[in-house]
Amino acid sequence: MSGMPLRAVDFPAVFPGPAPVHCGTHPDAASDLRLLAAVQHGLPLVPRPYAELGRQVGLSEAEVIERLERWLATGIVKRLGVVVRHRKLGYRANAMVVFDVPDALVGAVGARLAAFACVTLCYRRPRRGEAWPYNLFCMIHGRDRATVEAQVEALTLACGLEAMPRAVLFSRRCFKQRGAVYR
Amino acid sequence: MSLTPLQKRLLNDFQRGFPLSPRPFQALAETLGVDEAEVLENLRVLSDSQMVSRVGPVFAPQRVGASTLAALAVPAERLEAVAAWISDLPEVNHNYEREHRYNLWFVLTAADPERLDAALARIERHTGLAVLSLPLLEDFHIDLGFPLDFGSGPT
């Protein structure tokens, strides 16, 4: 659940859980924000990247490593590693598949969808009346459209979603893709 | 650009669990049986050619700052202009045309909800179109990377 909205300006940059932690006086808040800003575009490609990041934000190499370990342990960072651009690597068929699933079932269905290797992201989001009746979203990337369409059919059957309203939104053009910038 | 075996392994094998040790690229080099400079040089090449977005963290949505997935139903003749304007907003990190009445989809991220709302309002004012804003409610997937299949296809 998203819980209360979080404010990077009022709170430490990172949180141990979904609820905001009220501690503007948190000793690490300012340096957390600086490290977040420095690391969000990636590690510098130098032999000692954590030392270089630390130099930029006023932390030691060991402190940078310790913060990243903590962010990973608490789930604020989902993974640390090579982030590829799938389009450039030949995965050009990209579909956002959306379903309207009864609220009582959405948790179970979402967990089941997320377990498929071809599903790269899976989220619950709000419906918006008749304009947007769908509440469950997943993303499928494949090398070609036919493969992705077959995967959508297989997922739909495997999760018992044949009778639920759904839409498959293939991407046409990518106008912009980069990591998030928090400011 | 055709990929070398080393480049394929760099792309696929280190999407998670990147070493948190002082010489992480040296650790990769040992796994790969090459030297550290070669790892760094190849990662630079892959970054320069836009195959690697970055070597770094993927942050969980909604744990830092505020974000939403937003969409617009843009008349076809205005799509390029609106898309270009949206892409220029500092809050936007992804922006795609999709096959639907809602044909422009983008992710907005800001330091706090007020700035996010201000950006949404600015988009509505500028475009004269109603924004569909769909903030994350629940995340069912832990992003462990993108398994690459180099066995087939044009790569």
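FYI, side chains are in, hydrogens and waters are out, and symmetry mates aren't considered; it's all heavy atoms of this structure. From a predicted model like this one, the values you see are computed outputs, not experimental measurements. Letters A, B, ... are given to chains in the order of the sequence lines, protein chains preceding strands, and every chain is numbered from 1.
Using a 4.5 Å cut-off between heavy atoms, A/Arg48 touches chain B through backbone and side chain atoms alike. Of the two parts of B/Leu108, neither the backbone nor the side chain holds a non-hydrogen atom closer than 4.5 Å to a non-hydrogen atom of chain A. Neither the backbone nor the side chain of A/Val64 comes within less than 4.5 Å of any heavy atom of chain B. Interface remark: A/Glu69 contributes backbone and side-chain atoms alike to the contact with chain B (heavy atom separation under 4.5 Å). Proximity to chain A (any heavy atom under 4.5 Å) is shown, for B/Gln26, by neither the backbone nor the side chain. Interface remark: B/Leu134 contributes backbone and side-chain atoms alike to the contact with chain A (heavy atom separation under 4.5 Å). With a threshold of 4.5 angstrom between heavy atoms, A/Ala95 approaches chain B through N, CA, C or O but not through any side-chain atom. Only the side chain of A/Tyr50 comes within less than 4.5 Å of a heavy atom of chain B; its backbone N, CA, C and O stay farther away. When heavy atoms are compared at a cutoff of 4.5 Å, A/Leu136 approaches chain B solely by way of its side chain, counted from C-beta outward.
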Q | From CA spacing to verdict: side-chain contact (heavy atoms from CB on, under 4.5 Å), A/Leu169, B/Trp105 | A | CA-CA 10 Å; A/Leu169 288 74; B/Trp105 289 79; 3.6 Å; yes

Q: Step by step, work out the side-chain contact (heavy atoms from CB on, under 4.5 Å) result for B/Met51 and A/Arg85.
A: CA-CA 5 Å; B/Met51 293 188 189; A/Arg85 292 191 193 274; 5.8 Å; no

Q.
Working note: A/Arg145 + B/Glu99, criterion salt bridge (Lys or Arg N to Asp or Glu O under 4.0 Å); need CA distance, chi angles, decisive distance, verdict.
A. CA-CA 13 Å; A/Arg145 187 178 186 111; B/Glu99 298 172 1; 2.9 Å; yes

Q: Show your working on side-chain contact (heavy atoms from CB on, under 4.5 Å) between A/Tyr123 and B/Glu138 and close with a plain yes or no.
A: CA-CA 6 Å; A/Tyr123 297 126; B/Glu138 195 171 355; over 6 Å; no

(Q) Between A/Val83 and B/Val58, does the side-chain contact (heavy atoms from CB on, under 4.5 Å) criterion hold? Intermediate values first, please. (A) CA-CA 8 Å; A/Val83 182; B/Val58 175; 3.8 Å; yes

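Of the inter-residue distances, the one linking B/Leu20 atom CG with A/Leu72 atom CG reads 6.5 Å to the nearest 0.5 angstrom. Summarising the geometry, atom CZ belonging to B/Phe106 is positioned 11.5 Å from atom CZ belonging to A/Phe175; distances are rounded to the nearest 0.5 Å. Here CZ of A/Phe137 is found 9.0 Å from CG of B/Leu137. Values are rounded to the nearest 0.5 Å. In this structure, CG in A/Leu68 is found 10.5 Å from CZ in B/Phe18, a value given to the nearest 0.5 Å.
Among all heavy-atom pairs drawn from B/Arg54 and A/His41, the shortest one is CB-O, 3.5 Å. Scanning both residues, B/Leu11 and A/Val84, for their nearest heavy atoms gives O-CG1, 3.6 Å. Between B/Leu10 and A/Val82, the shortest heavy-atom distance links the atoms O-CG2, 3.5 Å. For the residue pair A/Glu61 and B/Pro22, the shortest heavy atom distance occurs at OE2-CB, 3.5 Å. Residue A/Pro49 comes nearest to B/Phe25 through the heavy atom pair CG-CE1, 3.6 Å, listed as atom of the first residue, atom of the second, then distance.
Note on A/Cys138, A/Ala62, A/Ala131: by heavy-atom pairs under 4.5 Å with chain B, the leading option is A/Ala131. Counting heavy-atom pairs closer than 4.5 Å to chain B, the top residue among A/Leu43, A/Val77, A/Leu45 is A/Leu45. Highest contact tally toward chain B, considering only A/Arg172, A/Arg127, A/Glu66, is held by A/Arg172 [criterion: heavy-atom pairs under 4.5 Å]. Of the listed residues (A/Gly110, A/Pro47, A/Ala51, A/Ser171), the one with the most heavy-atom contacts under 4.5 Å to chain B is A/Pro47.
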Listing, residues 75-84 of chain B side-chain donor-acceptor contacts under 3.5 Å, not counting sequence neighbours, or none:
{"unit_1": "B/Arg78", "atom_1": "NH1", "unit_2": "B/Thr127", "atom_2": "O", "d": "3.4"}
{"unit_1": "B/Arg78", "atom_1": "NH2", "unit_2": "B/Thr127", "atom_2": "O", "d": "2.9"}
{"unit_1": "B/Glu80", "atom_1": "OE2", "unit_2": "A/Arg173", "atom_2": "NH1", "d": "2.6"}

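Contact annotation: the side chain of A/Leu36 approaches that of B/Phe59 to within less than 4.5 Å [non-hydrogen atoms, C-beta and beyond].
Ion pair A/Arg125/B/Asp139 not flagged as a salt bridge, since none of the NZ, NE, NH1 or NH2 atoms sits closer than 4.0 Å to an Asp/Glu carboxylate oxygen.
Among residues at least two apart or in separate chains, side-chain hydrogen bond (donor to acceptor under 3.5 Å, both in side chains) pairs with a member in residues 39-48 of chain B are B/Gln7-B/Asn42.
Between A/Trp132 and B/Tyr102, the two ring planes are perpendicular [angle over 60°; tilted spans 30° to 60°].
Using modelled atom types, one finds a donor on one side chain and an acceptor on the other under 3.5 Å when comparing B/Arg98 with A/Asn94.
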